[in-house]
Amino acid sequence: MRAVKTEYTVTSAHPLAASIRIAHVSDLHARPADDILGMLQEARPDIIVVTGDTYERYDNRPQYEFEHRPVKRLIINCIHYTNHFLCKFRHGEKRADTKHANRFLAKAVRIAPVYMSLGNHEQKLLDDDRRFLSQIGVCLLDNDAVTATVNGSPIHIGGMSSWEYEAFLERFAQKDGCKLLLCHHPERFEPLVLHTDIDLVLAGHTHGGQFRIGSRGRGFFVPGQGLFGRYAHGMFFGGRLIVSAGCSNTVAFPRIRNPRELVMVTMKGAS
């Protein structure tokens, strides 16, 4: 499946000394993505943000195994295990392997500073993973934040993880100045972030809806949002939320009208 580069321009509510070029990478899922890496090198971003599901660190059971509605639980399990069976026949280079994610990140840090948050597939991130990220210089933000100076402006960069994020989000939202939040789950923006003064949220998780249908390219099934979920890919809420369609295809079923995606965001300061 080919990859594309999508460009957005947003305006911060805060003044900036100069505009900032942000590369947004999401949902690598430990698959090879050399074409995305080539786009990164050509784009020459000021910073690179990686918004979750870089690794496959979970127990390979359906995420909805505790769904109480029996019919929905049956359908989800059937889809999950059918896909798991079909993936066994994939060519080896398309299978999830930590070496793909590590290679990508090790090359990315040579292009620009890398800030990384965690997604739902990284619930069981290993200590070895954390040590590797530290050694190569990736800033892992697991319900944590740092203040970075980018092109002469201080920016708070926060990484909201998939679990137990409430206390972190409250602290982060209270910071003064320009705030960039990495949040794997776009469905959390409206109930949790909309009424804060967080400038920009970058999210993934949706894989673009896998199939895009209709003239507007609505995603068919959007994780966390269901059929034809609103926030499958694109820019929303006047540029405060940008959702990536992701950098890999993790299932045996092909993407349709839904290319893998590198997102580039130019953030300008308030006048």
(request) Quick one: do E166 and R188 satisfy salt bridge (Lys or Arg N to Asp or Glu O under 4.0 Å)? Show the steps, please. (result) CA-CA 11 Å; E166 293 86 352; R188 293 178 181 166; over 6 Å; no
(message) Within the structure provided, determine whether R260 and R31 are in side-chain contact (heavy-atom separation under 4.5 Å).
(response) no
(request) Using side chain to side chain contact (heavy atoms under 4.5 Å, CB included) as the criterion, point out the one residue from V146, V50, L180, I48 that pairs with Y115. (result) V146
(request) Begin from the C-alpha positions of M235 and V10 and carry the test side chain to side chain contact (heavy atoms under 4.5 Å, CB included) through to its verdict. (result) CA-CA 9 Å; M235 184 166 68; V10 301; 3.9 Å; yes
(request) Decide whether L37 and F132 are clustered together by the hydrophobic rule: side chain heavy atoms of Ile, Leu, Val, Met, Phe, Trp, Tyr closer than 4.5 Å, transitively. (result) yes
(message) Side-chain heavy atoms nearer than 4.5 Å, only ILVMFWY residues, links allowed to pass through others: does that put I22 and I198 together?
(response) no
(request) Side-chain contact test, heavy atoms from C-beta onward, threshold under 4.5 Å: evaluate it for E187 versus T206 and give yes or no. (result) no
(request) Identify which one of D129, N102, T98 satisfies the side chain to side chain donor-acceptor pair (under 3.5 Å) criterion when paired with Y55. (result) N102
(message) Could you check whether any side-chain heavy atom of L40 comes within less than 4.5 Å of a side-chain heavy atom of F104, counting everything from C-beta outward?
(response) yes
(message) Please determine whether residues L28 and I36 belong to a single hydrophobic cluster, defined as Ile, Leu, Val, Met, Phe, Trp and Tyr linked transitively by side-chain heavy-atom distances below 4.5 Å.
(response) yes
(message) With a 3.5 Å distance limit and no angle check, can you tell me whether T196 reaches the backbone of V193 through a side-chain donor-acceptor pair?
(response) yes
(request) Measure the CE-CG distance between M160 and L141 for me, rounded to the nearest 0.5 Å. (result) 13.5 Å
(request) Go through the steps for S162 and H185 under the test side chain to side chain contact (heavy atoms under 4.5 Å, CB included), then give the verdict. (result) CA-CA 8 Å; S162 290; H185 301 267; 2.7 Å; yes
(request) Could you check H156 against H14 for ring pair (Phe, Tyr, Trp, His ring centres under 6.0 Å), going step by step and ending with a plain yes or no? (result) CA-CA 12 Å; H156 304 297; H14 299 85; 8.9 Å; no
(request) Mind listing the closest non-hydrogen atom pair of D53 and H184 along with its distance? (result) OD2-NE2, 3.1 Å
(request) Compare all side-chain heavy atoms of E7 with those of R21 and state whether any distance is below 4.5 angstrom. (result) yes
(message) Donor-acceptor check, side chain of N151 to backbone of S19, threshold 3.5 angstrom: yes or no?
(response) yes
(request) May I ask you to test the M39-M264 pair for a side-chain heavy-atom distance under 4.5 Å? (result) no
(message) Parallel, tilted or perpendicular: which one describes the rings of Y231 and F236, with boundaries at 30° and 60°?
(response) perpendicular
(request) Spell out, as yes or no, whether a donor-acceptor pair under 3.5 Å connects the side chain of E56 to the backbone of A30. (result) no
(request) Using atom types as modelled and distance alone, determine if a side-chain donor or acceptor of T11 lies under 3.5 Å from a backbone N or O of K268. (result) no
(request) Output the distance between atom CZ (R110) and atom CD1 (I136), rounded to the nearest 0.5 Å. (result) 9.5 Å
(message) Counting only heavy atoms from other residues, nucleotides and ligands, does the tally under 6.0 Å from CD of E170 exceed 12?
(response) no
(message) To check you understand the geometry: which heavy-atom pair defines the closest contact between A17 and S153, and what is its length?
(response) N-OG, 2.6 Å
(message) Please report the interatomic distance OG(S12) to CD1(I20), rounded to the nearest 0.5 Å.
(response) 8.0 Å
(message) Would you say Y8 ends up clustered with V150 if hydrophobic residues are merged whenever their side chains have heavy atoms under 4.5 Å apart, either directly or through other cluster members?
(response) yes
(message) The criterion is ring-ring contact (aromatic ring centres under 6.0 Å, His included); which residues satisfy it with F168, sequence neighbours excluded?
(response) F172
(request) Hey, could you give me the CG/CG distance between L125 and D142, rounded to the nearest 0.5 Å? (result) 8.0 Å
(request) Salt-bridge test for E190 and R240: reply yes if a basic N is under 4.0 Å from a carboxylate O, no otherwise. (result) no
(request) Establish, for the pair R230 and F237, whether the NZ or CZ atom is under 6.0 angstrom from the six-membered ring centre and no further than 45 degrees off its axis. (result) yes
(request) Please check if V25 and L105 belong to a single hydrophobic cluster, counting links between Ile, Leu, Val, Met, Phe, Trp and Tyr side chain heavy atoms closer than 4.5 Å. (result) yes
(request) Identify the heavy atoms of L241 and P186 that sit nearest to each other, and give their distance. (result) CD2-O, 4.2 Å
(request) Return the minimal non-hydrogen interatomic distance between I111 and P45, and the atom names on each side. (result) CG2-CD, 3.9 Å
(message) Within the 4.5 Å heavy-atom criterion, are T6 and H233 side-chain neighbours or not?
(response) no
(message) Please report the interatomic distance NE2(H29) to SG(C247), rounded to the nearest 0.5 Å.
(response) 10.0 Å
(message) Let me confirm one number: the OG-CD distance from S117 to E122, rounded to the nearest 0.5 Å.
(response) 8.0 Å
(request) For residues N143 and R171, report the shortest heavy-atom separation together with the two atoms involved. (result) O-NH2, 4.0 Å
(message) Show the nearest heavy-atom pair for residues V265 and I242, with the distance to one decimal.
(response) CG2-CD1, 3.7 Å
